[in-house]
Amino acid sequence: MAGPVISARELSLVFQTADAPVYALSRVGLEVEDGDFVSFIGPSGCGKTTLLRVIADLEQATSGTITVNGMTPQEARLKRAYGYVFQAPALYPWRTVERNVGLPLEIMGLDNAPERIARNLELVNLKGFEKKYPWQLSGGMQQRVSIARALAFDPKLLLMDEPFGALDEIVRDKLNQQLLELWDRTKKTVVFVTHSIPEAVFLSSKIVVMSPRPGRIIDVIETNLPRNRTLDIRETPEFLSLAHRVREGLKAGHSYED
Amino acid sequence: MSAAPAIAVKPVAREPGNTFPVAVVCLAILLVWYFAAIPMNWVVTGPKIAAGGGGLSNLLAFSWNEARPVLPAPHQIAMELWKSVFTVAPWSVKSLVYHGWVTLSSTLVGFVLGSLLGVALAIAIVHVKFLAKSLMPWIIASQTIPILAIAPMVIVVLGSIGFTGLVPKSLISMYLCFFPVTIGMVKGLTSPEVMQLDLMRTYNASANQILWKLRFPASVPFLFTSLKVAVAIALTGAIVGELPTGAIAGIGARLLQGSYYGQTVQIWAALFMGSFLAAALVWLVGVAERFTLRRMGVKP
């Protein structure tokens, strides 16, 4: 059995500003196993997006160690180890849906593009929208295109930075359900940043509770909910007690104070 | 049971036509022009009125029909344009079509060269950090030198090594029109959002791929805006390039001859020809813009 997909030890990221240094991440330790669905939850400024960006090599830690697939984040990025989904769809408006999904394939020079595009558009339920331009789609559909794009080159690791943060709750529920089915079917490892407690509990196999100033990990919760769960699970006592524990963690990290 | 009442559909509101207001403005300009011709031409008409019978009808007849007026009336310019465009052979030196073509050809060469130079400079500036600091001040300084001061030097220097006619004029056009293209394209090539650039970084895309798949497509609207400015000043550059050497062909030459011989009507006709050319070129760039953006799937 190979080692963990992501392993961070004593990881810190300190920004030097004019008056005082800002501790975006302070001595963070984390293990993500193959096939995990890990959520980072916490208020703004707790470093959850920063941590995700460090994993993706879009940001560099100032001390500590981190490996992705046993490599440095930079080596992993150069090997195209992960697909990244941003807070906004970030689609290229001059490309149709299929050409947006095909963008990473063009850049990486992968073959089988039509088959990969078709398979991944079907995975996010967007078959029939291949020729549409982004402006012709709703916000939820655009974000699904960006998920198909992140999956197009078949990375084993999916990094998602508040992908549904800008969507309304009804659309978000639906996409959460679809994402869970996708995770169950593809057996990917997913790291997911959110500030919604129900979303984190519903989706995750492991919840990482974070708090700000300095950005640090307060609690790591294994959920042990069944893999093929539906939205109804949110009314069960197990779900509510998990949500309660997340809230307690946030409270312990002074996340509800000014 | 009675049938449900039909559901009314709100009609699509139509933009009211704006032909009428445009016509009114044009008419107002013409009226002001005709009226202004009376005092402006008084130097010429005054003595005539004093010598032979006065009266309003004579004043108007003199003011609007002088052979060498200070300000020609619009219909005089229209007649001169008609005469020099349609009644003479297009290759004759009396034809404004001939002179227009001479200016247009060097405009187009200068415009193409200037646009290519402008895009190339912008790409260099966006990719090499120190160029932004080291090149930009020179680019801006180049545009603060009056073109009328530098044009004779360009013509004389190039003439002394055997380049005359189209080449020096095109170079002056190029010198003027690369500037808006560089400025617009630097803005356009840096217009992609951080997220769109981060996405390319996660793919480990090369600088070349980022340029052609992200920066360049994102800059297209900026490019066309710059090209509209560039094509109009390329024409100005070509006309200015025809002035200092007393060139014998081109709109600039026509302006110069007109001023030598006091042919104000001829000057104005040449000016109008230049304006028509500029308007047509800007319009053509606009057509290319609409076509390109539609091909790129931009929201109509």
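Model, not experiment: these values are computed from the prediction.
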Check your understanding: Quick check: does any side chain N or O of A:Y92 sit under 3.5 Å from a backbone N or O of B:A218, one acting as donor and the other as acceptor?
Key -> no
Check your understanding: Between B:L199, B:L293, B:V298, which shows the greatest number of heavy-atom pairs under 4.5 Å with chain A?
Key -> B:L199
Check your understanding: Where on A:L91 is there a heavy atom nearer than 4.5 Å to chain B: the side chain, the backbone, both, or neither?
Key -> backbone
Review point. Hey, is NZ on B:K133 packed in by over 12 heavy atoms from elsewhere, all under 6.0 Å?
Key: no
**Study point:** Distance (rounded to the nearest 0.5 Å) between A:M108 CE and B:N204 CG
**Key:** 8.0 Å
Revision key, fill the gap. Okay, B:E193 and chain A: the region with an atom under 4.5 Å from a heavy atom over there is neither
Practice item. Answer yes or no: are there more than 12 heavy-atom neighbours, outside A:K132 itself, under 6.0 Å from its atom NZ? Key: no
Revision key, fill the gap. Answer key: most heavy-atom pairs under 4.5 Å with chain B among A:F153, A:Y133, A:F86, A:W135 is A:W135
Study note, to complete from the structure: One option among B:G297, B:S206, B:P192, B:A205 has the most heavy-atom pairs under 4.5 Å with chain A, and it is B:G297
**Study point:** Crowding at CZ, B:F224 (>12 non-hydrogen neighbours, <6.0 Å)
**Key:** yes
Exercise for review: Kindly give the heavy-atom pair with the smallest separation between B:M200 and A:I107, and that separation in Å.
Suggested key: SD-CD1, 3.2 Å
Review point. Side chain, backbone, both or neither: which part of A:A88 has a heavy atom under 4.5 Å from chain B?
Key: both
Exercise for review: Hey, could you give me the CZ/OH distance between A:R149 and B:Y203, rounded to the nearest 0.5 Å?
Suggested key: 4.5 Å
Exercise for review: Would you check, one step at a time, whether the test side chain to side chain contact (heavy atoms under 4.5 Å, CB included) holds for A:Y84 with B:R201?
Suggested key: CA-CA 10 Å; A:Y84 200 102; B:R201 195 172 147 78; over 6 Å; no
Study note, to complete from the structure: Here the pair of heavy atoms bringing B:K213 nearest to A:E106 is NZ-OE1, 2.7 Å
Study note, to complete from the structure: Between the CG atom in A:L103 and the CG atom in B:L214, the distance rounded to the nearest 0.5 Å is 8.5 Å
